[in-house]
**Q** 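Sharing a structure below in structure tokens format, with a few things to ask.
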Amino acid sequence: MILEHWGATGDEISGPMPGDDLVTDPMLVATRSITLDASPDDVFPWLRQMGFGRAGWYSYDWLDNLGRRSATRVHPEWQDVNAGDAIPGGPIDFTAVTVEPPHALVLALVNARIAFTLAYRLDPVSRADRTRVVTRVRSRIDVPGGSAMARRLLGPGDGIMLRKQLLTLSRRAATPQAGPSRIER
């Protein structure tokens, strides 16, 4: 599958992630990773503010944010996200299942037919000012042809979008205004 494990090491692909237990018997599991030139404390606010009509998703805005440009700074008004909160995703809402700054964020959409999680884990790199961001998507679609749909459509599309998201986060989190102490008021 296209970009199924983009940037991820073997240990990241096979290792556990927060939220792995939320989607049983997934049809798609994809792990992507990147190392950012910013500390976990500087990266987490960018993740916490994601969502449609909020900071966006830092990907291809014309597709996943209806043309509205994703945030280029950390916004204090979007930092109050806790476990159980709804995160707007466009036509659907995710639930913030895990919010553990600056280590983990897990968003989930689980209903009678769809189970989908998007997990982020932030691991400090040997230098204090760098972060390894490991992401994992797990999904199951319980409709006729759901397995094929997950592998053929969701997998490659998600891979392309998530790769762009991680590359954008890399640029934005490394900017001087990124960190919590530098959130614009």
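The structure presented is a predicted model; accordingly, all values stated were derived computationally and were not measured. Note: hydrogens, waters and symmetry copies are ignored here, and every other heavy atom, side chains too, is used.
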**Q** For the side chain of R54 and the backbone of R48, is there at least one donor-acceptor N/O pair under 3.5 Å apart?
**A**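 Side chain of R54 to backbone of R48, a donor-acceptor pair under 3.5 Å: yes, one is there.
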**Q** Taking side chain as C-beta onward, heavy atoms only, is W6 less than 4.5 Å from L166?
**A**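 When only atoms from C-beta onward are counted, L166 and W6 do touch, with a gap below 4.5 Å.
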**Q** Taking side chain as C-beta onward, heavy atoms only, is T35 less than 4.5 Å from R132?
**A** yes
**Q** In the single-linkage hydrophobic clustering (I, L, V, M, F, W, Y; side-chain heavy atoms under 4.5 Å), do L22 and I92 co-cluster?
**A**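 No; tracing contacts between hydrophobic side chains, which count when under 4.5 Å, never links both residues.
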**Q** T168 vs K164, test: side-chain contact (heavy atoms from CB on, under 4.5 Å). Steps then yes/no.
**A** CA-CA 6 Å; T168 300; K164 171 73 166 149; 3.8 Å; yes
**Q** Can you tell me if R140 uses its side chain to pair, donor with acceptor, with the backbone of T24 under 3.5 Å?
**A**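 Confirmed, R140 side chain pairs with T24 backbone.
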**Q** For residues P40 and T131, report the shortest heavy-atom separation together with the two atoms involved.
**A** N-OG1, 2.8 Å
**Q** According to a 4.5 Å side-chain heavy-atom criterion applied to Ile, Leu, Val, Met, Phe, Trp and Tyr, with indirect links allowed, do M50 and I160 form part of one hydrophobic cluster?
**A** yes
**Q** Give a yes or no answer on whether the side chain of Q79 reaches the backbone of P45 with a donor-acceptor pair at less than 3.5 Å.
**A**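 Judged by distance alone, yes, a pair lies under 3.5 Å.
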**Q** Output the distance between atom CG (L3) and atom CG (L162), rounded to the nearest 0.5 Å.
**A** 9.5 Å
**Q** In this structure, would L109 and V23 fall into the same cluster of hydrophobic residues linked by side-chain contacts under 4.5 Å?
**A**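 Different clusters.
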**Q** Which heavy atom of N82 sits nearest a heavy atom of D85, and at what distance?
**A**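 Nearest heavy atoms, N82 then D85: N-OD2, 2.8 Å.
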**Q** Membership question, hydrophobic clusters at under 4.5 Å side-chain separation (ILVMFWY): are L122 and Y58 in the same one?
**A** yes
**Q** Measure the spacing between CD of Q165 and CD1 of I34 and express it to the nearest 0.5 Å.
**A** 10.5 Å
**Q** Is any side-chain heavy atom of V29 closer than 4.5 Å to one of M17?
**A** no
**Q** With a 4.0 Å cut-off on N to O distance, would you call R136 and D20 a salt bridge?
**A**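 Looking at R136 and D20, the cut-off is met.
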**Q** Give the minimum heavy-atom separation between W46 and A71, together with the two atoms involved.
**A** CZ3-O, 3.8 Å
**Q** Name the orientation class of the two ring planes belonging to W57 and F94 (parallel below 30°, tilted from 30 to 60°, perpendicular beyond 60°).
**A**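 Geometry flag for F94 against W57: perpendicular rings.
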**Q** side-chain contact (heavy atoms from CB on, under 4.5 Å) between F44 and V99: does it pass, once the steps are laid out?
**A** CA-CA 10 Å; F44 197 83; V99 182; 4.1 Å; yes
**Q** Please lay out, stage by stage, how R130 and D37 fare under the test side-chain contact (heavy atoms from CB on, under 4.5 Å).
**A** CA-CA 5 Å; R130 299 190 84 205; D37 289 326; 2.8 Å; yes
**Q** How many angstroms lie between CG in D21 and CZ in R138, if you round to the nearest 0.5 Å?
**A**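 Rounded to the nearest 0.5 Å, the CG-CZ separation comes out at 8.5 Å.
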**Q** List the atom of A38, the atom of A173, and the distance in Å for their closest heavy-atom pair.
**A** CB-O, 3.3 Å
**Q** Determine, stepwise, if the pair F116 / V137 fulfils side-chain contact (heavy atoms from CB on, under 4.5 Å).
**A** CA-CA 7 Å; F116 179 91; V137 168; 3.5 Å; yes
**Q** Enter the distance from D80:CG to Q49:CD here, rounded to the nearest 0.5 Å.
**A**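 Going from CG on D80 over to CD on Q49, the span is 13.0 Å.
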**Q** On a heavy-atom basis, which atom in G89 and which in F52 lie closest, and how many Å separate them?
**A**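 Nearest pair, atom of G89 first, then F52: C-CB, 3.7 Å.
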**Q** Got a second to check how far H5's NE2 is from R32's CZ, nearest 0.5 Å?
**A**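 Here the interatomic distance stands at 8.5 Å.
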**Q** Is there a side-chain contact between L167 and R163, using heavy atoms and a 4.5 Å cut-off?
**A** yes
**Q** Between S70 (side chain only) and G56 (backbone N and O only), is there a donor and an acceptor less than 3.5 Å apart?
**A**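 Answer holds: no.
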**Q** Are L47 and L169 close enough that some pair of their side-chain heavy atoms sits under 4.5 Å apart?
**A**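 With C-beta onward as the side chain, the pair touches.
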**Q** For the residue pair R172 and V74, establish whether any side-chain heavy-atom pair is separated by less than 4.5 Å.
**A**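 When only atoms from C-beta onward are counted, V74 and R172 do not touch, as no gap falls below 4.5 Å.
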**Q** Search all heavy atoms of L107 against all heavy atoms of A96 and return the closest pair with its distance.
**A**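 Scanning both residues completely, I find the closest heavy atoms to be CD2-CA, 3.9 Å.
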**Q** Report the distance from atom CG of L105 to atom OH of Y120, rounding to the nearest 0.5 Å.
**A** 7.5 Å
